[in-house]
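The next block holds one structure in the form of structure tokens; read it before the comments.
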Amino acid sequence: MTLLTLSASVPGIKPTCHGHGDENCHATTLESAVCFLALYLIALGTGGIKPCVSSYGADQFDDTDPAEKEHKSSFFNWFYFSINIGALIASSLLVWIQDNVGWGWGFGIPAVAMAIAVASFFSGTRLYRNQKPGGSALTRICQVVVASIRKYKVEVPADESLLYETAETESAIKGSRKLDHTDELRFFDKATVLARSDKVKESTNPWRLCTVTQVEELKSILRLLPVWATGIIFSTVYGQMSTLFVLQGQTMDTRVGNSTFKIPPASLSIFDTLSVIFWVPVYDRIIVPIARKFTGYKNGLTQLQRMGIGLFISIFSMVAAAILELIRLRMVRRHDYYQLEEIPMTIFWQVPQYFVIGCAEVFYFIGQLEFFYEQAPDAMRSFCSALSLTTVALGQYLSSLLVTIVTKITTRNGRPGWIPDNLNFGHIDYFFWLLALLSVVNLIAFLVVSMLYTYKRPVGTLR
């Protein structure tokens, strides 16, 4: 953030502009390189922060204390709430500063905020509960796969007590409790079968012999994958806020009331943020206590139930967007507004679809965050949090792929297609209906996966 601030304010690395606006700015190779280096450093830092900060925060709660364990579920709600408070400031105050004061201040303020955040983080060093690192999760996964393949001819004994595991109450993996053996994916159990060449009394070769806990780690990851896959469609729906919702908004009246001020269509995503800020306290303080009375579950809903509700709600966001577009197109046809850039229909009719997505987000994304943390093996929590975050990226890729396929099919024989440059000639409502249909199919798949899901069974103590 400091480098980005310098690239927008220091002569020599700041692009030279001519005239009053920013339209005539020309960056040299060096200036572009500094700017992109700053952006990639931010991406690198984000990759370190996002998967770890939620896991590390949740690690501060003691699972053996019922009161703390209950508060841990609330932590994920308020953690996500704080993220959206930051997003609200960034998409309103900081955008105004960047547009009206300057990019140097627009980047400088968050740079100072990050410096304060770093200082705040380190100030609590003596208070934190730190889990011992268990080493590379990917290495342990590869060891199980290699050991299983090497012993593919070996028969797995019916008596699970014959499978290799350390005699101690602690797991051989630092920072992880032992995991109870499960009967699923038995091929990988071959890695735990003792062969004559395995020297247990001496140090074992993990590429030939693995513990039951290490094998169960891999099984836990594989069991998470079907649940993880259902998040891709949800992220595709979520991604419409920055793509088709913006295009839809550009065709509508962007004025605020009777004033000359126009709201940028992309700024309407602020209503998604406001929705999250509204629904987090409602969920944590109202929905959970009510649900607890009916389910008897301390957190009101299980994480899978919460995610399922989020998937269900997201369908209505696409339905709302499709109905709005249907009404908009009827107005275009009735009054022959085909060549009009902004039809006389206020952009604020888009607010419901943003608000519904925000509600779905509170149920699905927070539920997903907590689910992947709780179901991850103890020494793989950050790894699984990172895995859950990849659904956002894959959802964007899937959205691009769907747009490409739909455009190619619907523009045959010279037709304008569903998503033409002038949306007044198109049918993006069909695309929203397509996403609604995919969301229904995805919800059904999620329900099947949820019913078949086997929860992890930790035993023993942490090392």
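A distance-only check finds a donor-acceptor pair linking the side chain of Q305 to the backbone of T302 [under 3.5 Å]. A donor-acceptor pair under 3.5 Å is absent between the side-chain atoms of T230 and the main chain of N442, judged by distance alone. Using modelled atom types, one side-chain atom of T5 and one backbone atom of F107 make a donor-acceptor pair closer than 3.5 Å. Between the side chain of K151 and the backbone N or O of V193, at least one donor-acceptor pair lies under 3.5 Å. With S439 contributing its side chain and L435 its backbone, the two residues share a donor-acceptor pair below 3.5 Å. With hydrogens and angles disregarded, no donor-acceptor distance shorter than 3.5 Å links the side chain of S7 to the backbone of V34. In this structure, T139 contributes its side chain and G135 its backbone to no donor-acceptor pair below 3.5 Å. Put simply, the side chain of D189 never gets that close to the backbone of V156: no donor and acceptor are under 3.5 Å apart. Panel note: side chain D272, backbone G358; a donor-acceptor pair is recorded below 3.5 Å.
One distance of note links CD1 of I290 with NZ of K293; it measures 7.0 Å at 0.5 Å rounding. Here the CG-CG distance, from L394 to L389, works out to 11.5 Å after rounding to the nearest 0.5 Å. Going from atom CG of L398 over to atom CD1 of I233 covers 5.0 Å, rounded to the nearest 0.5 Å. Put simply, CG on L4 and CG on L41 are 10.0 Å apart, with the number rounded to the nearest 0.5 Å. One distance of note links NZ of K408 with OG1 of T404; it measures 9.5 Å at 0.5 Å rounding. Separation of atoms CG (L247) and CD (Q240) is listed at 9.5 Å; rounding is to 0.5 Å.
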- Task: Would you check, one step at a time, whether the test side-chain contact (heavy atoms from CB on, under 4.5 Å) holds for T125 with F122?
- Result: CA-CA 5 Å; T125 300; F122 279 104; 4.1 Å; yes

- Message: Go through it in stages, so that I can follow the logic: the residues are I357 and S275, the test is side-chain contact (heavy atoms from CB on, under 4.5 Å), and I'd like the CA-CA distance, side-chain angles, deciding distance and then a yes or no.
- Response: CA-CA 8 Å; I357 277 194; S275 177; over 6 Å; no

- Item | Pair T182-E216, side-chain contact (heavy atoms from CB on, under 4.5 Å): steps then yes or no | CA-CA 7 Å; T182 58; E216 289 302 320; 2.8 Å; yes

- Query: Stepwise, does the side-chain hydrogen bond (donor to acceptor under 3.5 Å, both in side chains) test hold for S73 with E370?
  - Reply: CA-CA 7 Å; S73 182; E370 187 178 359; 3.2 Å; yes

- Task: For the pair Y128 and Y56, evaluate ring pair (Phe, Tyr, Trp, His ring centres under 6.0 Å) and give the outcome as yes or no after the intermediate values.
- Result: CA-CA 9 Å; Y128 298 139; Y56 191 64; 5.4 Å; yes

- Trace of the side-chain contact (heavy atoms from CB on, under 4.5 Å) decision for L93 with L88: CA-CA 8 Å; L93 178 63; L88 180 64; over 6 Å; no

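Looking at heavy atoms from C-beta onward, S176 lies in side-chain contact with E217 at the 4.5 angstrom threshold.
When all heavy atoms of Y283 and N299 are compared, the pair lying nearest together is OH-O, 4.4 Å. Residue L179 comes nearest to V212 through the heavy atom pair O-CG1, 3.9 Å, listed as atom of the first residue, atom of the second, then distance. Closest approach of L224 to Y453, counting heavy atoms only: CD2-OH, 3.7 Å. Closest non-hydrogen pair, D284 versus P289, comes out as O-CD, 3.9 Å. Residues V246 and P265 share a closest heavy-atom pair of O-CB, 3.7 Å. Closest non-hydrogen pair, G231 versus Y364, comes out as CA-OH, 2.9 Å.
Between F431 and W418, a ring centre-to-centre spacing not shorter than 6.0 Å is recorded. Aromatic ring centroids of F76 and Y373 lie under 6.0 Å apart.
Using a 30° and 60° split on the angle between ring planes, Y238 and F234 fall in the parallel class, below 30°. Taking the six-membered ring for Trp and thresholds of 30 and 60 degrees, F355 and F278 have ring planes inclined between 30 and 60 degrees apart. Between F245 and F432, the two ring planes are perpendicular [angle over 60°; tilted spans 30° to 60°].
The number of heavy atoms from other shown groups lying within 6.0 Å of CH2 (W207) is above 12. Heavy-atom neighbours of Y297 OH from other residues, nucleotides or ligands within 6.0 Å: above the threshold of 12. Within 6.0 Å of the CZ atom in F81, the count of heavy atoms belonging to other residues, nucleotides or ligands exceeds 12. No more than 12 heavy atoms of other residues, nucleotides or ligands sit less than 6.0 Å from atom CG of D421. Atom CZ of F36 has 12 or fewer neighbouring heavy atoms from other residues, nucleotides or ligands inside a 6.0 Å radius.
Residues Q214 and Q143 bring a donor and an acceptor atom of their side chains to less than 3.5 Å of each other. Under 3.5 Å, the side chains of R415 and T410 contain no donor-acceptor pair of N or O atoms. With no hydrogens or angles considered, a side-chain donor-acceptor pair links T213 and E165 at under 3.5 Å. Judged by distance alone, the side chains of S385 and S55 do bring a donor and an acceptor atom under 3.5 Å apart.
Judged by the 6.0 Å distance and 45° axis criteria, R306 is not positioned over the aromatic ring of F371.
A salt bridge between E68 and R129 is present, with a side-chain N of the basic residue lying under 4.0 Å from a carboxylate O of the acidic one. Of the charged side-chain nitrogens involved, at least one lies within less than 4.0 Å of a carboxylate oxygen, so that R223 and E184 count as a salt-bridged pair. A salt bridge between D59 and K72 is absent, with no side-chain N of the basic residue lying under 4.0 Å from a carboxylate O of the acidic one.
Across I309, V280, I287, a single residue satisfies side chain to side chain contact (heavy atoms under 4.5 Å, CB included) together with V362, and that is V280.
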